[in-house]
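Encoded as structure tokens, the structure appears first; notes follow it.
A, B, ... follow the sequence lines: proteins, then strands. Residue 1 opens every chain.
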Amino acid sequence: MDFLSFIPKTKDCDFDRIKRAQESMANRRATICPERAEIITEVYKRTEGEPQIIRKAKAFAEILERMTIYLEDDMLIFGNQASANFAAPVFPEYSFDWVIEELDAFASRTGDSFDISEDTKARLRKLEKYWIGKTHKDEVNRNLPKVNLLAEKQGVLHKGGISMSGDGHIIPNHEFVLEVGYGGVKKIALEKLKSNELDEEQRSFYQAVVIAMDGALTYIKRFSSLAAKLANEERDDKRRKELEQISEMCRDYMEGGARNFYEAVETVYLTHLLMMIESNGHSFSFGRFDQYIYPYYRRDLEEGRLTKEKALEIITHFFIMTNSINKVRPWDHTQYSCGYPLYSNLMVGGMKSDGTDGTNDISYLCLEAMNLSRLPEPNLSVRFWEQTPHSLLLDSARLIRKGFGMPSVFCDEVVIPAMMTLDLDLETARDYASMGCVETAIPGKWGHRATGMTYINFGKVFELVLNNGVDPASGIQLIRLNGKEGREVSYHTYEELWSAWKRALKYYFDLAVQCDLVCDRSLKFHDADPFASSLIDCSLERGKTLKNGGAKYDYVSQSNIGPSTVGDSLAAVKKLVFDEKVLTMDELKKALDSNFEGEEGARIRQLCRKAPKFGNDDDYVDHIVADVYESYLELLPGYRTDRAGRGPIGCGYTMSTSNITSYVPNGFDVGATPDGRLAGKPLNEGASPCLGADREGPTAVMNSMSKLPNDKIAGGQLLNMRFYPGALEGDDNLEKFTSFIKTGRLKKIFHNQFNIVDSKVLKAAKENPEEYPDLMVRVAGYCALFNTLMPEAQDAIIERTEHSW
Amino acid sequence: MEGLISKIQRYSTKDGPGLRTTVFLIGCNLSCLWCANPELIAPGEKYLYYRERCVGCGKCVSVAADNSITLTEKGCVIDRSRCSNLKECASSCYYDAYEKVGYAMTASDLCEKLKRDKDFYDQSGGGVTFSGGEPALQPEFVMETAKLLRREGIHTALETAGLIKKDRMRELIQQIDLVLYDIKAMDSKMHLACTGVDNRVILDNAMMTAEMNIPMIIRLIVVPGYNDDKNDFYNRLQFIKRMGKAVKQIDILKYHRLGEGKYLRLGLENRVSIEEPSNEYISEYVQMAREMGFEPTIGG
């Protein structure tokens, strides 16, 4: 086995079994399961007129009682989301029209395809009629102002998941669940119901919690019978004992708290799974797994009931099983989030709330487990700071070197101050964890949806600025920057241009907040989630769902796409038109309109491309990009969420550059930009430099990033870098790479993730260099950006790669 | 004080310890047959022509004096001996088919730029490496920059073949924290044939550097059929042995072909065209070094 640093001392971890499970999970096929949709439709028909949260709870409980259950072969972790591995359940209560429309297309999608049987299609079609006009999506569409629809048509706004699916984006208080169990949560709700001072909302909430927890406990007991039955049929002694253990455990498991390490890990998985049966949000995350699991591990270890090897096996099975869960999205949303992502973040390492370092055995074992499981979920992240042991970072670098992009790293010295810009005290801020991609939250205390509310296409807003608010493609004009109708607008100074940008951004930010509110108010009703809500601090106390103000803290952020594209474009205009006057605004606009066509277009595009670009440690443009961030940040204090005044601390907005793959489809909508980008090409990803822009290597990228207001971006700041595997080869290069990561602390890098790419990518990079701008390769005595090399040198490296690596 | 440099390479990992920024200087007084950086040999600015970026618009053809550029099926063919205004031709191109190599920079501007990665140097035990070309041919510029860097607490390294006057060399390396010293052959005839110059000054300066006890990394390139004679390699190792404690490490560098395309782009003839040596081939040299008590690294 190829470990990072682990040396097995006992045979308690069956690595062959892990390998088999890993292979089988890696080759899983996505399908669609109709069971959940059928059961919830029946329950909803039966419960019309009852409070919504009761209907949701009853549906949840009945799904858990009736759905097909099975145990994955030879796995220690159990619990299934739908009738088969990687089958996506359907959630008609959120939106259903697209499911029916796309039934025949699921299997033939070019990405994220789903096999679907004719039987399943027929079963789903039968349900269609009931849901017409009744879903969350219908509610959103009824309430969304017309102007928002026009802004969507312009390509500026995108509603995203919040307009048609559940919310997700929470980290349950796992510590609490492990301590009291589902039975304990139920008891608290029953206790609350004894009070005479409950209002209707509270009474319904507590009743719903009782129903939901009963459902969860019933589901667990079903596994007791199933495991007993399978144990009887099992011929292998070891497996039979495991099945007997599961059967025995499930007789009363979760009536109270977790009794040992195995149950603790199983509980974390099960809670995650149950939330994803209750609702179809995504980014349900695990928080600081090493912190809350460690006490169970240590106690079992000390009492001789567990070995490190067994712990590794259990964690690895857990990691593998998180990949059995699935979600189906409409095709237009899939383009924004390719690759069946669930964004189940799991975090290890970092400072504890008392200011000491929290790294422990589990932190290392999670890295080893990921090295063994090598699957997309969980999305593993590592926190680090000054006191993080070098060995943890070295193991992280070893894992990064394996080339599948995990773990991503978060720097405490940047994130903690960023969290404190919200109303958090130091101790609380120190306990942050990542949720989803790079969004940050305080585990167990944070309401739904830290980020990814309405998407604002910054690139498009900038294009509108150059056209007096008119979208050249659709002709729609919602704002007149110079007070007149039509595209004609002239800016005589950079300051005029900048103030137009700020006006336009504010205009669309208002619309985006409007959209957030419409979606939130509808989710409050349709996403009333007693199970998940009761696992976040204050919901049980207040008798409220998260969407109605149950959480202790409540902050949201939108998703902003293309800040570097806008900054680079502003810098090009400033330099070429206003500072050096080598171009007039008219010449530039003409060239943009024609997508830089012809000789004149080529001349202007060259000037544009040679203008300063973010990512090269060039203060001129880096400060302009920072201004773009500030222009958004300064708007935030003026806005409140729907929960303001209902209990949570905050209820305001923060900023995030987590925007998954939206920079690609958002780019489709934006014409040529003054940074030299051609029409339809991608915008920049997250906070990373524009494609093709960073030519000075990774240290320069970090230096540029360090000039952004990273410690004000509490919603998560995304930097993605690509390195060639050779750049990390050998102990010496690994150490150097580790120092590079560590330097991020001094450079105020919020978060960093790395792609270590193979020869296939190199070949593609050679064909389409613009798409692989920051690919770094090891050449001869040094590392260089792949695109700066001669084609022959590129060929030589591609050839060498195939032979040596 | 200005120097002529071709490129500043950040995140360099093999030009000394830690993460480094390598500054490539233009001009070299050796002319190694296998040189991978031919654009850095002759002094002055140069222009590389990239056929794959050329759209065949003919702009440079019309600008070129004396019909010195012709548009053919193979892109633009440049008669460099006749082209008296290549600079103008190059800057007339809107598609970046021409790339200028070489720009002047003052020591203080260079230092300002190099300083920007100081946190990375400090964290990794790295610094700045002057390479080329032959950086020792611009000694005042390198010294001034190195002094400025030293003031900033930045570690410096000089990668050199050592062919400069002894006094200059002494003066230069006193400002430097680590010398990466190339020894390409011991036999003076072989050295002359491969590099175009005699090696006596090179060896003298190597010994002097060692005697001054400036930390050194010796770099030994092996090019099959040119300088790979086992006896000669053995003699190189013997010589290094005599240099004593100053030598901290030896790097055995494998010949590679990554510079081949540059010859074409510069309109120069590529003088060595052989296969890259295998790992087995190089391991014999590594073994030889080990037998003499060295722990060589394999670079390149």
Side-chain angles (χ1 to χ4, degrees), chain A residues 596 599-607 609-610 616-617 619 696-703 706 723 726-730 732-733 735-747 766 769 776 778-785 788-797 799-800 803-804, chain B residues 7-22 24 36-37 48 50-52 55 57 59 92-96 99 113 116-126 129 131 159 180 219 251 253-265 276 278-279 297-300:
Chain A
F596 298 113
E599 191 177 315
E600 180 63 3
R603 180 181 79 88
I604 292 173
R605 183 165 186 234
Q606 188 179 47
L607 289 169
R609 291 178 61 196
K610 288 190 173 162
N616 297 292
D617 196 8
D619 293 349
E696 291 269 325
T699 59
V701 172
M702 268 208 195
N703 285 348
S706 73
F723 281 67
L728 277 77
E729 217 187 30
D732 192 36
N733 284 332
E735 280 289 351
K736 288 177 183 182
F737 179 70
T738 308
S739 346
F740 175 71
I741 295 176
K742 274 189 175 176
T743 313
R745 208 165 59 76
L746 307 169
K747 296 291 177 185
K766 194 185 165 231
M776 201 174 80
R778 171 87 189 287
V779 187
Y782 61 93
C783 295
L785 294 170
T788 66
L789 300 174
M790 311 278 165
E792 296 84 352
Q794 294 177 328
D795 281 342
I797 289 167
E799 237 183 295
R800 196 191 289 171
H803 291 145
S804 315
Chain B
K7 133 166 141 181
I8 297 170
Q9 174 83 48
R10 297 159 102 160
Y11 202 108
S12 292
T13 55
K14 286 286 166 184
D15 299 318
L19 292 173
R20 310 190 73 80
T21 300
T22 303
F24 292 90
N37 291 322
L48 297 160
Y50 287 73
R51 191 189 147 198
E52 66 280 9
V55 299
C57 70
K59 194 106 198 288
S92 76
C93 178
Y94 298 148
Y95 302 93
D96 303 334
E99 192 175 286
K113 177 148 189 180
R116 286 175 173 260
D117 281 355
K118 185 170 189 299
D119 287 336
F120 296 96
Y121 311 148
D122 290 351
Q123 192 71 49
S124 64
T129 299
S131 181
E159 185 175 15
L180 309 173
R219 317 195 102 189
D251 294 345
L253 308 183
K254 265 162 73 169
Y255 163 75
H256 65 75
R257 298 174 59 168
L258 301 178
E260 258 177 30
K262 292 185 190 170
Y263 284 90
L264 195 69
R265 291 171 202 296
E276 290 188 6
S278 65
N279 288 338
T297 67
I298 307 169

Residues in side chain to side chain contact (heavy atoms under 4.5 Å, CB included) contact with A:Glu735, at least two apart in sequence or another chain:
A:His390, A:Leu394

Are any of the side-chain heavy atoms of A:Thr743 and B:Tyr121 separated by less than 4.5 Å?
no

Would you say the side chain of B:Arg20 lies within less than 4.5 Å of the side chain of A:Lys736, judging by non-hydrogen atoms?
no

A:Arg609 versus chain B, the contacting section by heavy-atom distance below 4.5 Å:
side chain

If you look at every heavy atom in [X] and [Y], which pair is closest and at what distance?
X: A:Ala602; Y: B:Tyr95; answer: CB-OH, 3.1 Å
X: B:Lys113; Y: A:Glu696; answer: NZ-OE1, 3.2 Å
X: A:Asp732; Y: B:Thr13; answer: OD2-O, 4.5 Å
X: A:Asn616; Y: B:Arg10; answer: O-NH1, 4.1 Å
X: A:Gln606; Y: B:Asp96; answer: NE2-OD1, 2.6 Å

Does B:Lys14 form a side chain to side chain contact (heavy atoms under 4.5 Å, CB included) with A:Asn733? I'd like the steps, not just the answer.
CA-CA 9 Å; B:Lys14 286 286 166 184; A:Asn733 284 332; 4.3 Å; yes

Any idea which of B:Val55, B:Leu19, B:Ile8 has the most non-hydrogen atom pairs under 4.5 angstrom with chain A?
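Sorted descending by pairs with chain A, the first entry is B:Leu19.
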
Any ion pair linking B:Asp117 and A:Lys747 (charged N to carboxylate O, less than 4.0 Å)?
no

Hey, can you tell me if A:Phe723 and B:Tyr11 have their rings parallel, tilted or perpendicular (30° and 60° cut-offs)?
perpendicular

Working to the nearest 0.5 angstrom, can you tell me the gap between A:Ser706 OG and B:Asp119 CG?
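So the OG of A:Ser706 and the CG of B:Asp119 are separated by 8.5 Å.
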
Could you measure the distance from the NZ atom of B:Lys118 to the OG1 atom of A:Thr699? Nearest 0.5 Å is fine.
14.5 Å

Salt bridge (charged side-chain N to carboxylate O under 4.0 Å, His left out), that's the test. Do A:Asp619 and B:Arg116 meet it? Break it down for me.
CA-CA 11 Å; A:Asp619 293 349; B:Arg116 286 175 173 260; 3.1 Å; yes

Take B:Phe120 and A:Asn703, measure what side chain to side chain contact (heavy atoms under 4.5 Å, CB included) needs, and give me the verdict at the end.
CA-CA 10 Å; B:Phe120 296 96; A:Asn703 285 348; 3.5 Å; yes

